[in-house]
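Treat the numbers as computed from the prediction; the structure is a model and nothing was measured.
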Amino acid sequence: VQLQASGGGLVQAGGSLRLACAASGRTFSSYHMGWFRQAPGKEREFVAAIHWNGDSTYYADSLKGRFTISRDSAENSVNLQMNSLKPEDTAVYYCAASGRAVPRLEAQSEFWGQGTQVTVSS
């Protein structure tokens, strides 16, 4: 499966962004999807993930209540709504897919998108 992330940009603190990850190739609906991020000088970290059926979602504890992951099977995409953004949310955001397990760890992710930059100014 090929993944294409989009929607990043520059936003002021307190603002919102909606990231999208378009999937193509194999059957999107059978893949668990997730988002990770990597800030400058830091390791890539888990952000959110969603089961292939959309019934279960998972979030990094520090992001619960501000970020929402969803999937659109008709559009073969997974979205990440980010609200109340903070400067510390600045990072490159990557989408990931896995046919084996909900990708909450890098090692669980089989496919990766190219990343989209999110910059939050103070």
Sequence neighbours left out, what passes side chain to side chain contact (heavy atoms under 4.5 Å, CB included) with [X]? Give chain and number order.
X	result
Val92	Tyr94, Gln117
Gln81	Ser16, Arg18, Thr68, Asn83
Ser62	Ala60
Ala48	Tyr59, Ile69, Leu80

Using the rule that Ile, Leu, Val, Met, Phe, Trp and Tyr join whenever any side-chain heavy atoms are under 4.5 Å apart, tell me whether [X] and [Y] fall into a single cluster.
X	Y	value
Val120	Leu19	yes
Tyr31	Phe36	no
Val118	Leu3	yes

Pairs where residues 29-41 contributes a residue and the test salt bridge (charged side-chain N to carboxylate O under 4.0 Å, His left out) is met, not counting sequence neighbours: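 Passing the test, one end in residues 29-41: Arg37-Glu45, Arg37-Asp89.
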Test log, rule side-chain contact (heavy atoms from CB on, under 4.5 Å), inputs Cys21 and Trp35: CA-CA 9 Å; Cys21 177; Trp35 287 95; 3.6 Å; yes
So, [X] side chain and [Y] main chain: donor-acceptor pair closer than 3.5 Å or not?
X	Y	value
Ser98	Pro103	no
Arg44	Ala39	no
Glu43	Gln38	no
Gln108	Leu105	yes

Shortest non-hydrogen contact between Ala97 and Val1, atoms and distance: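 Looking at all heavy atoms of both residues, the shortest contact is CB-CG1, 4.2 Å.
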May I have the list of side-chain donor-acceptor pairs in residues 4-13 shorter than 3.5 Å, sequence neighbours left out?
none

Chi angles and distances behind the side-chain contact (heavy atoms from CB on, under 4.5 Å) call for Lys86, Arg66: CA-CA 10 Å; Lys86 304 175 182 180; Arg66 295 196 298 122; 3.9 Å; yes
[X] side, atom [atom1]; [Y] side, atom [atom2] - distance, nearest 0.5 Å:
X	Y	atom1	atom2	answer
Leu63	Ser84	CG	OG	11.5 Å
Thr57	Arg71	OG1	CZ	12.0 Å
Ser73	Asn53	OG	CG	9.5 Å
Ser70	Met33	OG	CE	11.5 Å
Ser109	His32	OG	NE2	11.0 Å

Centroid separation Phe28 to Trp52 less than 6.0 Å: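 Ring centroids of Phe28 and Trp52 are no less than 6.0 Å from each other.
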Validation row: Tyr93, Leu17 side chains within 4.5 angstrom (heavy atoms): no
Pi-cation contact, Phe46 with Arg104 (under 6.0 Å, within 45°):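 Not satisfied by the 6.0 Å and 45° rule.
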side-chain contact (heavy atoms from CB on, under 4.5 Å) between Val102 and Ile50, intermediate numbers included: CA-CA 7 Å; Val102 178; Ile50 188 166; over 6 Å; no
